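Have a look at the structure below, then the notes.
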Amino acid sequence: MTLAVCPGSFDPITLGHVDVIRRSAALMDEVIVGVAHNHKKSHRFTAEQRAQLARAALADIPNVRVAVIDGLLADFCQEVGAQTIIKGLRGTADFDNEQTMALLNRHLSGVETLFMLGDPGLNHISSSFVKDIAGHGGPIEDLVPPGVARALQSLAPGENR
Ligand code: PNS
């Protein structure tokens with residue numbers, strides 16, 4: 001059985017993430033979306049809130065489930081028996097960061113990372129800009145799943161920056 005982990009901070013999940021996860025699920029028997037902590041970022045939503053938003057956004061894909069990763073991604077992959085990590089790439093800026101993490105994860109646990117190119121029509125979408133736009137009251141409905149748009153729009157203006 002092929003099992004991959006699609007990890008990320010998903011703060012919040014965007015249509016770009018959903019596209020990469022959907023295409024990963026078409027290649028694998030099962031995909032676990034791993035909602036993790038990125039030490040370089042301060043997260044707007046708690047890990048459980050991010051996981052709930054992802055679950056709602058991915059509910060129509062039967063072979064995808066969502067889990068919170070409390071520790072190292074490499075340890076999580078070993079615990080669940082995943083052979084592969086799949087990460088989406090929007091461009092070279094993403095690659096520079098991802099290359100280091102992919103090599104470290106292989107060093108830590110032997111798990112291989114595969115990169116999937118993001119859909120060119122969605123490559124401009126990032127969680128941080130979505131939060132910025134929402135914080136200024138701008139339209140985000142074409143950038144994120146409906147539940148995420150509602151969650152961001154329900155935050156007080158200052159909470160969204
Ligand atoms: O969506 P992001 O922020 O690019 O995802 C990065 C993430 C969360 C996958 C990465 O920070 C991560 O793997 N965090 C879990 C802790 C861990 O394993 N750190 C070592 C990475 S080499």
Side-chain angles (χ1 to χ4, degrees), residues 3-25 27-28 30-58 61 64-135 140 143-145 147-149 151-152 155 159-161:
L3 168 63
V5 174
C6 286
S9 37
F10 301 110
D11 186 42
I13 191 166
T14 69
L15 294 185
H17 293 131
V18 171
D19 173 63
V20 167
I21 294 162
R22 191 179 297 283
R23 288 192 282 138
S24 300
L27 297 173
M28 298 283 153
E30 188 180 358
V31 168
I32 302 177
V33 173
V35 178
H37 179 75
N38 183 336
H39 73 101
K40 293 183 184 164
K41 298 177 179 171
S42 65
H43 298 307
R44 178 73 70 261
F45 296 102
T46 67
E48 197 43 53
Q49 286 172 327
R50 288 180 269 138
Q52 286 296 351
L53 291 171
R55 274 185 202 111
L58 301 165
I61 316 175
V64 169
R65 63 187 166 100
V66 179
V68 171
I69 299 177
D70 284 323
L72 286 176
L73 171 59
D75 290 342
F76 179 81
C77 289
Q78 280 190 323
E79 280 161 28
V80 298
Q83 307 89 346
T84 314
I85 292 168
I86 302 182
K87 267 282 206 161
L89 285 183
R90 287 167 299 191
T92 51
D94 278 351
F95 178 75
D96 288 344
N97 192 34
E98 296 297 339
Q99 182 185 29
T100 308
M101 286 197 286
L103 292 172
L104 280 169
N105 283 323
R106 195 178 64 176
H107 171 86
L108 290 169
S109 70
V111 67
E112 296 283 1
T113 298
L114 304 181
F115 294 110
M116 181 175 284
L117 287 182
D119 183 314
L122 301 170
N123 270 353
H124 57 293
I125 304 176
S126 77
S127 298
S128 54
F129 280 119
V130 165
K131 285 180 282 190
D132 192 27
I133 294 166
I140 52 170
L143 306 174
V144 292
V148 172
L152 283 170
L155 292 177
E159 282 181 286
N160 242 332
R161 301 280 159 77

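Just so you know, ligand 1 is whichever comes first in the structure, and atom 1 is the first atom listed for that ligand. Small disclaimer: the values here were computed from a predicted structure and weren't measured.
Contact annotation: His39 has no heavy atom less than 4.0 Å from any atom of ligand 1.
Asn105 contributes a side-chain N or O that, together with a main-chain N or O of Met101, makes up a donor-acceptor pair within less than 3.5 Å. Not one N or O on the side chain of Arg50 forms a donor-acceptor pair closer than 3.5 Å with the backbone of Pro12. Without hydrogens or angle criteria, Thr92 side chain to Phe95 main chain gives no donor-acceptor distance under 3.5 Å. A donor-acceptor pair under 3.5 Å is formed between the side chain of Asp94 and the backbone N or O of Arg90.
At least one N or O atom of His37, backbone or side chain, sits closer than 3.5 Å to an N or O atom of ligand 1. Where the criterion is an N or O separation shorter than 3.5 Å, residue side chain and backbone included, Ser9 meets it with respect to ligand 1.
Distances below 4.0 Å separate heavy atoms of Ala36 from the following atoms of ligand 1: 8 (C), 14 (N), 15 (C). Distances below 4.0 Å separate heavy atoms of Leu73 from the following atoms of ligand 1: 13 (O), 17 (C), 18 (O).
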Enumerate, atom names and distances included, each donor-acceptor pair closer than 3.5 Å involving a side-chain atom of residues 65-84, sequence neighbours excluded.
| unit_1 | atom_1 | unit_2 | atom_2 | d |
| --- | --- | --- | --- | --- |
| Arg65 | NE | Glu30 | OE2 | 2.7 |
| Gln83 | OE1 | Leu3 | N | 3.1 |
| Gln83 | NE2 | Met1 | O | 3.1 |

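Of the heavy atoms in His43, none comes closer than 4.0 Å to ligand 1.
At the top of the distance list for atom 17 (C) of ligand 1, counting protein heavy atoms only, stands Leu72 CD2, 3.6 Å. In this structure, atom 16 (C) of ligand 1 lies nearest to the protein heavy atom Gly71 O, 3.6 Å. Taking atom 6 (C) of ligand 1 as the reference point, the nearest protein heavy-atom neighbour is Asn38 ND2, 3.8 Å. Among all protein heavy atoms, the one lying closest to atom 4 (O) of ligand 1 is Lys87 NZ, 3.2 Å. Nearest to atom 10 (C) of ligand 1 among the protein's heavy atoms is Met101 SD, 3.9 Å.
Among all heavy-atom pairs drawn from Val5 and Gly34, the shortest one is CG1-N, 4.3 Å.
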Point to revise | side chain to side chain contact (heavy atoms under 4.5 Å, CB included) between His17 and Cys6, intermediate numbers included | key: CA-CA 9 Å; His17 293 131; Cys6 286; over 6 Å; no
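Look at Lys131 and Asp11 and you find a salt bridge, because one of the NZ, NE, NH1 or NH2 atoms lies within 4.0 Å of a carboxylate O, short of that distance.
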